[in-house]
Number of protein chains: 2
Amino acid sequence: KTKKIAIYGKGGIGKSTIVANMAAAYSQKYNVLVIGCDPKADTTRTLVGRRIPTILETVKRKKDASNDEILFEGYGDVRCVESGGPEPGVGCAGRGVIVAMNLLEKLGIFSEDLEVVIYDVLGDVVCGGFSVPLRKEFADEVYIVTSGEYMSLYAANNICKGIKKLKSNLGGIICNCRGIKNEVEIVGRFAERVGSKIVGVIPRSELVQKSEYDAKTVVEMFPESKQAEIYRKLAESIHENREFAVPEPFGADEFEEFFRKF
Amino acid sequence: KTKKIAIYGKGGIGKSTIVANMAAAYSQKYNVLVIGCDPKADTTRTLVGRRIPTILETVKRKKDASNDEILFEGYGDVRCVESGGPEPGVGCAGRGVIVAMNLLEKLGIFSEDLEVVIYDVLGDVVCGGFSVPLRKEFADEVYIVTSGEYMSLYAANNICKGIKKLKSNLGGIICNCRGIKNEVEIVGRFAERVGSKIVGVIPRSELVQKSEYDAKTVVEMFPESKQAEIYRKLAESIHENREFAVPEPFGADEFEEFFRKF
Ligand SMILES: Nc1ncnc2c1ncn2[C@@H]1O[C@H](COP(=O)(O)OP(=O)(O)O)[C@@H](O)[C@H]1O
Ligand SMILES: Nc1ncnc2c1ncn2[C@@H]1O[C@H](COP(=O)(O)OP(=O)(O)O)[C@@H](O)[C@H]1O
Ligand code: SF4
Ligand SMILES: [Mg+2]
Ligand SMILES: [Mg+2]
């Protein structure tokens with residue numbers, strides 16, 4: 001049965017880095033499809049080695065886009081697509097995701113032989129196209145990337161509200177460390193309070209910048225490193241994970257209270 | 001002639017802190033209205049001393065909201081309103097701004113005696129309600145808050161695209177420092193390349209956290225401090241500013257190139 005995973009989190013928190021490295025790790029054993037759902041359209045750059053054309057810009061110039069105009073193969077044969085987003089100020093930023101989902105279904109890209117599908121989704125607002133991957137037909141498990149910083153946990157809490165609203169399943173919280181004091185403890189307590197758990201802790205590492213500069217993942221460029229091993233372990237914990245829950249988000253005042261304790 | 005200013009920037013970059021402190025500074029000489037347009041609805045907390053009810057939640061429970069149910073007076077008699085936002089996953093996150101603008105016009109809150117109006121607007125996506133303050137009838141000058149970090153400049157560039165699309169005017173860039181290497185130089189170059197300029201540089205200061213903890217602005221709680229003086233100077237430069245331009249945003253590749261140089 002295909003594992004369909006959505007990765008959400010505040011813009012800039014580290015989703016694309018984590019998604020690309022997880023995909024690289026999975027590629028050893030499974031057929032993987034990565035779907036970028038962030039208007040930044042850069043999830044797949046470190047897998048394909050360059051920025052690929054987005055679905056939105058492709059359908060804009062030709063109504064009948066074919067598979068090989070939007071689907072690209074990257075490291076380890078990982079299949080890659082980018083939804084893209086409209087120009088700011090021109091309609092809903094999430095429109096790219098909606099257009100992309102329709103096209104992927106129409107072109108039969110969600111094919112039988114896929115074993116892992118990973119969505120990388122902007123989480124600063126959980127509305128319009130950005131909430132579409134939360135629907136059952138797209139992803140059945142959601143993981144939220146956060147650090148110990150107030151703003152990223154605030155966004156994580158908002159994403160929990162979206163997950164609850166759309167009756168989707170939260171599989172766990174990924175702590176992408178930013179060097180905050182007591183970071184893992186704060187994120188752990190947050191996870192516990194929303195009825196979830198930490199599924200991985202990713203330390204800061206300059207190998208991320210080094211491999212990113214060469215448009216590669218850490219798993220590809222530094223396979224022997226501790227950081228690559230951490231991404232592989234994260235991919236494994238998520239693949240083995242069987243505990244899901246509809247989250248219990250913090251109310252506005254409770255959230256403020258939670259933070260005041262730290 | 002009323003000065004109508006919109007402050008945009010990536011979530012968490014420091015807009016509300018800057019807006020509240022500018023308003024506190026202006027309150028000495030002018031009649032000021034602050035309009036929070038971020039679903040976080042916390043722009044006015046340090047002016048009023050507590051979180052105020054949002055327009056969206058107020059109209060939800062009673063169709064005919066009156067002035068004193070949505071308009072609150074804060075430090076220095078600054079008038080405060082919060083648009084609010086719907087629950088994540090429930091329609092457009094910017095819907096609160098649209099509902100708020102309609103109500104403020106209907107209740108005549110944009111009255112003759114106002115000398116400064118400041119909008120504090122979420123800038124992670126520039127769509128739906130979040131692009132409404134860019135329209136001429138609301139704000140005639142836009143300032144973008146950014147740090148030297150890639151993600152905040154990426155958002156700043158997106159906001160420039162939105163400003164250009166809606167034919168609004170960029171008055172300048174506010175650098176809210178995060179301690180990045182060569183931060184002011186990076187932000188200065190960015191400003192220059194989009195056809196604008198830096199109008200203020202705000203250092204990191206623990207007085208921000210200290211006054212925020214007491215739900216006050218730095219200008220109110222530490223009026224003699226260097227930080228308070230910096231906010232007052234920023235308010236003054238913005239008030240005196242006569243140079244505006246439709247920005248020239250970076251293309252996606254140019255932006256990557258710009259950053260690679262640093
Ligand atoms: N574990 C890490 N260590 C060091 N840098 C990181 C790490 N994770 C992410 N980064 C950096 O943070 C920035 C944002 O990461 P990215 O994955 O693009 O975020 P998102 O997709 O959430 O917007 C990138 O420049 C990336 O190099
Ligand atoms: N100059 C500064 N020095 C120290 N902390 C700051 C400064 N500006 C903002 N902050 C902190 O950063 C956080 C986000 O600021 P805020 O004004 O709420 O951002 P935004 O309104 O853009 O989301 C707040 O906790 C605030 O205390
Ligand atoms: S639904 Fe969300 S992404 Fe779409 S216009 Fe509204 S705020 Fe923007
Ligand atoms: Mg990304
Ligand atoms: Mg704010």
Side-chain angles (χ1 to χ4, degrees), chain A residues 8 10-14 38-42 45 50-51 54 57 84-95 122-132 134-135 149-155 157-168 209 212-213 215 249 252-253 255-256 260, chain B residues 8 10-14 38-42 45 50-51 54 57 84-95 122-132 134-135 149-152 154-155 157-168 209 212-213 215 249 252-253 255-256 259-260:
Chain A
Y8 275 79
K10 182 171 172 58
I13 197 61
D38 190 316
K40 260 205 285 160
D42 61 359
R45 179 179 166 275
R50 59 189 163 88
R51 288 176 61 100
T54 71
E57 61 200 14
E87 279 304 294
V90 183
C92 180
R95 196 162 67 79
L122 176 142
D124 301 288
V125 288
V126 191
C127 50
F130 303 120
S131 61
V132 164
L134 294 177
R135 295 186 203 160
E149 296 159 302
Y150 178 94
M151 290 304 313
S152 75
L153 285 167
Y154 179 88
N157 194 49
N158 260 8
I159 295 160
C160 285
K161 291 183 181 187
I163 296 172
K164 180 177 183 183
K165 186 72 194 171
L166 278 93
K167 303 193 175 72
S168 186
Q209 272 72 47
E212 195 172 70
Y213 194 81
D253 298 328
F255 186 76
E256 296 303 311
R260 219 179 302 276
Chain B
Y8 275 79
K10 182 170 172 58
I13 198 59
D38 189 318
K40 261 207 280 160
D42 60 0
R45 179 179 166 276
R50 58 190 164 88
R51 286 177 64 99
T54 71
E57 62 199 13
E87 279 305 293
V90 186
C92 180
R95 195 163 68 79
L122 175 142
D124 301 287
V125 288
V126 191
C127 50
F130 303 120
S131 60
V132 164
L134 294 176
R135 294 186 203 161
E149 297 160 302
Y150 177 95
M151 290 304 313
S152 74
Y154 179 88
N157 193 49
N158 260 8
I159 295 160
C160 286
K161 291 183 181 185
I163 296 172
K164 180 178 183 184
K165 185 72 194 170
L166 277 95
K167 302 194 175 71
S168 187
Q209 272 73 47
E212 195 174 71
Y213 194 81
D253 299 325
F255 186 76
E256 296 302 312
F259 243 87
R260 220 178 301 278

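A, B, ... follow the sequence lines: proteins, then strands. Residue 1 opens every chain.
Between the A:Arg95 side chain and the A:Gly128 main chain, no donor and acceptor come within less than 3.5 Å of each other. Remark: the backbone N or O of B:Ala215 is not paired with any side-chain donor or acceptor of B:Arg50 at under 3.5 angstrom. The backbone N or O of B:Tyr154 lies less than 3.5 Å from no partner atom in the side chain of A:Lys40, so there is not a single donor-acceptor pair.
Among the candidates B:Ser131, B:Pro39, B:Gly12, the residue making the largest number of heavy-atom pairs closer than 4.5 Å to chain A is B:Gly12. Comparing B:Asp42, B:Val125, B:Ile163 by how many heavy-atom pairs each has under 4.5 Å with chain A, the most go to B:Val125. Across A:Arg260, A:Lys164, A:Arg51, the residue that shares the most heavy-atom pairs under 4.5 angstrom with chain B is A:Arg260. Per-residue counts of heavy-atom pairs under 4.5 Å with chain B were compared for A:Leu134, A:Leu166, A:Val126; the largest is that of A:Val126.
With contacts defined as side-chain heavy-atom distances shorter than 4.5 Å, the pair A:Val90/B:Lys165 qualifies. With contacts defined as side-chain heavy-atom distances shorter than 4.5 Å, the pair A:Phe255/A:Leu153 qualifies.
There is no contact between B:Pro249 and chain A, counting heavy-atom distances below 4.5 Å. When heavy atoms are compared at a cutoff of 4.5 Å, A:Pro86 does not approach chain B at all.
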